[in-house]
Amino acid sequence: MSKRSSPVSPTVDFDADGIQHGFLKLPISTDESAWGAVMIPVTVINNGAGPTALLTAGNHGDEYEGITALLKLSNTLRAEDVRGRVIIVPIMNVPAATAGKRTSGLDGGNLNRSFPGDPDGGVTEQIADYFTRELVPMCDVALDLHSGGRTLDILPFAAAHRLDDYDQEAQSLGGAVAFGAPVAMMMFELDATKLYDTAVESQGKTFVTTELGGGGTTTPERMAIAERGVRNFLIHYGLIEGQLESPAGQQVYVDMPDASCYVQSEHSGLLELSFALGETVRRGDVIARIYDMTRTGSEPIVYHAQRDGVLVARRFPAQVNMGDTIAVIAEVVDSLER
Ligand SMILES: [Zn+2]
């Protein structure tokens, strides 16, 4: 049975020339607003023939590096600088960002676990559905900016995924490298089925994702990486003119071959990590200790690294619960190509 059309209505014309700032309006009916709408900001810039780039952030509401970078870009990118079309959605999941949370303040939905979405589902599934059926089909290349949010801190990287279509994979990897973060990664997802990434890649589009820091805040260093990366992405795919800017120092390539990269906690307590982000870890090293906060005189639980690599992500809050990812160790490689 075919789905009904999306309940979202845009206030911009995606085919009109020049620059427009508007909204993707999704009807809601709540205690605060009986005939209301979720208002998702959108900027569209059209200038002549060329590819379409879809730039997104705020897929998770507490990942501020990307949100800030795209809000700034929407204020500064001029129509005359663009060849083709740039669609900017700085805050995909507005109800999550409004609540200062990863997930929606309206229906609790995790947008990046809600794809391909459903026009008859909750608010979060309706947002996902609009991207899957309306915005993604318009684009040739897509960039989705994530970071660790409040519970993770991540060494800034851009990434592609292994894909069945080797040409699509190579196109995406080219953008991930050109992004110019300190690290470029071939990323392994714990569960890819309901990701935006998968929804975009399954339509044959070139797709780059990022993780640009975390902790639920921004720093000057990470904002510089985010803003430079977005500009590099647009240059690499021919949307704007300019010279690619490289990261300071040699860019590091890392691979995540399988789930053993993820160290997940089997205990609750107080977390002490033995390594900082970017440090080299050897198999067998003590990577973390977890202390019982309810008593003195008990030895901590010790976690050892299961593989050699570099620490690319860590839990940010010091308190840890069973099942939390406490560290991610990725393998340093000479090349990410097949
Ligand atoms: Zn995210």
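Atoms within a ligand are numbered from 1 in the order they appear, just like the ligands themselves.
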(request) With rounding to the nearest 0.5 Å, note down the distance linking CD1 in I329 to OG in S260. (result) 8.5 Å

(request) Return each pair, listed once, that meets ring-ring contact (aromatic ring centres under 6.0 Å, His included) where at least one residue sits in residues 236-277; pairs must be two or more places apart or across chains. (result) F233-Y237, H267-Y303

(request) Could you please give the number of protein N/O/S atoms within less than 2.8 Å of the Zn ion (ligand 1)? (result) 4

(message) Between T56 and D144, is there a side-chain donor-acceptor contact under 3.5 Å, judged purely by atom types and distance?
(response) yes

(message) Contact between I45 and R85 at the side-chain level, heavy atoms closer than 4.5 Å - yes or no?
(response) no

(request) Scan for side-chain hydrogen bond (donor to acceptor under 3.5 Å, both in side chains) pairs involving residues 24-37, sequence neighbours excluded, and state none if there are none. (result) none

(request) Would you mind listing every ring-ring contact (aromatic ring centres under 6.0 Å, His included) that reaches into residues 46-82, with sequence neighbours excluded? (result) H60-H146

